[in-house]
2 protein chains.
Amino acid sequence: MKVLLVFAHPEPRSLNARLRDVAIAELQAQGHEVRVSDLYADEWKSEVDRADFPALEAGARLIPVQASKAAFEAGALTDDVKAEIEKLLWADMLILQFPLWWFTMPAILKGWVDRVFAYGFAYGVGEHSDKRWGDRYGEGTLAGKRAMLIVTAGGWEEHYTARGINGPIDDLLFPIHHGILYYPGYDVLPPFVAYRADGLKEAGFEPLAERLRERMRTLPSTSPIPYRRQNAGDYLIPTMQLRAGLETPGETGFSLHLRAPVD
Amino acid sequence: MKVLLVFAHPEPRSLNARLRDVAIAELQAQGHEVRVSDLYADEWKSEVDRADFPALEAGARLIPVQASKAAFEAGALTDDVKAEIEKLLWADMLILQFPLWWFTMPAILKGWVDRVFAYGFAYGVGEHSDKRWGDRYGEGTLAGKRAMLIVTAGGWEEHYTARGINGPIDDLLFPIHHGILYYPGYDVLPPFVAYRADGLKEAGFEPLAERLRERMRTLPSTSPIPYRRQNAGDYLIPTMQLRAGLETPGETGFSLHLRAPVD
C-alpha cells in the first residue's frame with residue numbers, strides 16, 4: 001500500500017517522533033511505500049484566511065465555504081494545500097499522528113484539516129436529491145481508502161473508558177473519526193492510543209513500540225469501525241435522522257451510528 | 001459582570017462578526033464590561049512550539065507539559081499568552097465564538113487553548129491524593145466563573161439532533177464544554193448555535209440576533225450544564241470511574257457525566 005503519515009509534534013526527540021519512526025520502519029519492512037507530512041518541520045500554516053485564496057478579489061468579503069469551492073474548482077488553492085491534496089489522492093492509507101491536547105488534535109493539525117479538506121474535494125461532493133444527500137459519510141473523494149489515528153495521551157487509560165471521567169476515547173475521537181475521516185469517504189480503523197505518555201519510562205517504550213508494529217503489520221486486514229453509510233437506507237433524507245428501531249433498545253449517543261454486529 | 005469574548009473568524013463582514021457585535025451591544029446595554037480577543041485581527045499564533053518557551057535552553061528537548069509548567073511558574077510565558085491569562089483572570093464570564101469547522105473549533109482558536117491554558121494555570125493544579133485528583137472538572141483556577149460558546153454551523157439543526165447523522169450537538173461539543181471549559185473550573189452554560197448559517201438570508205438575521213440578545217440578557221440567571229464534580233463523591237479515586245448506579249439504567253456515553261435531574 002501507499003501510506004501517508006501526517007505528523008504533528010514540535011519535537012524531533014519526542015515519544016511521538018520515536019513512535020512515528022517505528023511505524024515507518026515497520027510499514028517499509030512490510031513493503032509499503034510511505035510519505036510523511038511533518039507539519040512542524042514544514043512550518044505548516046494553521047489558519048484559514050485570505051492568503052489561502054489568492055484569486056479572491058482584494059475588496060471581496062471572504063466567505064470560507066465559497067472561497068474554498070471557487071479555488072478548488074479553478075485549481076487556485078495555494079501550493080502547500082495542493083501538495084497535500086495530491087498526497088491524499090496518492091495514498092491508499094492515511095495516518096494522522098498527534099498528542100491529544102485538550103481532548104483533540106493540536107491546532108497545527110486542525111489547521112491542516114481546515115485548509116486541505118477543500119469544498120469539492122472533501123465536502124460539497126455529489127448530488128443532493130431525495131435519494132442522496134451528497135457523497136459523504138462512507139462515500140466521497142476518498143472512498144475505498146483507509147485511515148487511522150496514532151495518538152498519545154497524558155492521562156490514564158481508565159479515565160478514558162466507558163465510565164471514566166474524561167469520557168470514552170471512542171466518543172472523544174468520534175468528531176475526528178466520523179466527522180473528519182469517514183465524512184469524505186475513508187474507512188476508519190480503530191485508533192492506536194498510548195496512555196500515560198508523559199510518564200513513560202524507557203523500559204515501557206519497547207512494549208509500546210511492539211504494539212504499534214503489530215498494528216502496522218495488520219493494517220490491510222484490520223476491520224474498520226462499522227459506521228453506517230449515509231445513503232444506504234439507514235437514514236431518512238433530507239432530515240438525516242436514523243430510522244427508528246435500528247439501534248439497541250435504549251442506546252443513545254454516538255454509538256447509534258455504528259452498525260449492529262452481525263449475528 | 002466582566003465578559004471576555006474570544007472571537008475566531010477571519011472576515012470582519014461575516015455573519016459571525018455581526019453576531020459578535022450584537023452580543024457586545026446587548027452585554028453593554030445590560031451594564032456589563034466587555035473585552036474582546038479577536039484572534040485573526042490580532043494575528044494570534046496557533047502553534048505550540050519552542051518560541052513559546054524563551055527560557056528553554058537551545059539544545060534542550062521540548063516536552064510541552066514540562067516547558068509549560070516551568071514557564072508558568074517562572075512568569076516566563078510569552079507576552080501574548082500572559083495577556084490572555086490576565087484577561088481570563090479578569091473576566092467573570094468567558095465566551096468563545098467561532099464557526100464550527102469539521103465539527104469543532106477552527107485551528108486558530110484551538111491554538112489559543114493550546115497556548116493559553118498553561119500547566120499550573122488551567123491544568124496541573126491542586127493536590128493528588130486518595131481524596132482528590134487535582135483541582136479539575138468543576139474546581140481549579142477558573143472556578144466560580146461562567147463560560148459559553150456562540151457557534152455557527154453550516155448544517156441543518158435536524159442533522160445535529162439525538163438521531164441525526166452528525167451526532168448530537170451536545171456530544172460534539174462535549175470535548176470543548178467538559179474537556180476544555182469545565183476542566184479548569186468554569187460553569188458552562190448551554191451553547192448558542194446558529195444552524196444553516198451559510199444559507200442565511202438577510203430576513204433571517206434579525207430573529208437570530210434577537211435569540212442571541214435574549215441569551216446575553218439571561219447570562220447571569222441561566223443554569224449551567226449540570227456536569228458532575230470530580231472530587232465530590234461521584235467518581236472513584238484514582239481510577240476516576242463513575243460509581244455504579246448513579247446513571248439512568250442503560251445510559252451510556254457522555255451523558256453519564258451529567259447529574260440526574262432533581263425530582
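All chains are named by letter (A, B, ...) in the order of the sequence lines, taking the proteins before the strands, and each is independently numbered beginning at 1. These figures come from a predicted structure and were not determined experimentally.
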Q: Heavy-atom distance under 4.5 Å to chain A: side chain of B:Q66, backbone, both or neither?
A: neither
Q: Is B:A122 in contact with chain A via its backbone, its side chain, both, or neither, using a 4.5 Å heavy-atom distance?
A: both
Q: For B:P64, which atoms come within 4.5 Å of any heavy atom of chain A: side chain, backbone, both, or neither?
A: side chain
Q: Please rank B:W112, B:W44, B:W133 by heavy-atom pairs under 4.5 Å with chain A and give me the top one.
A: B:W133
Q: Please classify the contact between B:D49 and chain A as side chain, backbone, both or neither, with a heavy-atom cut-off of under 4.5 Å.
A: both
Q: Which pair of non-hydrogen atoms, one from B:S46 and one from A:A107, has the smallest distance, and what is that distance?
A: O-CB, 3.3 Å
Q: At their closest point, which heavy atom of B:H159 faces which heavy atom of A:T239, and how far apart are they?
A: CD2-O, 3.1 Å
Q: Decide yes or no on side chain to side chain contact (heavy atoms under 4.5 Å, CB included) for A:F254 and B:L172, but give the supporting numbers first.
A: CA-CA 9 Å; A:F254 291 145; B:L172 291 166; 3.9 Å; yes
Q: Do A:F174 and B:D171 have side chains that get closer than 4.5 Å, going by heavy atoms?
A: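 A side-chain contact under 4.5 Å is absent here.
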Q: Would you compute the distance between atom CZ of A:F117 and atom CH2 of B:W101 and round it to the nearest 0.5 angstrom?
A: 15.0 Å
Q: Evaluate side chain to side chain contact (heavy atoms under 4.5 Å, CB included) for A:E158 paired with B:M240, printing each intermediate quantity in order.
A: CA-CA 7 Å; A:E158 292 93 324; B:M240 307 317 309; over 6 Å; no
Q: Measure the shortest side-chain to side-chain distance between B:Y227 and A:I165 over non-hydrogen atoms and say whether it is less than 4.5 angstrom.
A: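 Side chain of B:Y227 against side chain of A:I165, heavy atoms only: no contact under 4.5 Å found.
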Q: The test is side-chain hydrogen bond (donor to acceptor under 3.5 Å, both in side chains); show your working for A:N166 and B:Y183 and say whether it passes.
A: CA-CA 9 Å; A:N166 294 338; B:Y183 191 105; over 6 Å; no
Q: Do A:R163 side-chain atoms and B:Q241 backbone N/O form a donor-acceptor pair below 3.5 Å?
A: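 Such a contact is absent between A:R163 side chain and B:Q241 backbone.
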Q: Work out which heavy atom in A:V48 is nearest to a heavy atom in B:Y40; give both atom names and the distance.
A: O-OH, 2.7 Å
Q: What part of B:R115 lies closer than 4.5 angstrom to a heavy atom of chain A: side chain, backbone, both or neither?
A: neither
Q: How long is the straight-line distance from NZ of A:K110 back to OG1 of B:T104, given to the nearest 0.5 Å?
A: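 Spacing of OG1 (B:T104) from NZ (A:K110) equals 5.5 Å.
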Q: Given a strict heavy-atom distance threshold of 4.5 Å, which part of B:V113 is in contact with chain A: side chain, backbone, both, or neither?
A: both
Q: Heavy-atom cut-off 4.5 Å, strictly under: side chain, backbone, both or neither for B:A60 against chain A?
A: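 Just the backbone, heavy atoms under 4.5 Å.
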Q: Quick check: closest heavy atoms across B:R61 and A:L15, and the distance to 0.1 Å?
A: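 Minimum heavy-atom separation between B:R61 and A:L15: NH2-N, 3.6 Å.
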Q: For A:L62 and B:E11, which heavy atoms make the closest approach, and how far apart are they?
A: N-OE1, 2.7 Å
Q: State the CH2-CD1 distance between A:W102 and B:I180, to the nearest 0.5 angstrom.
A: 7.5 Å
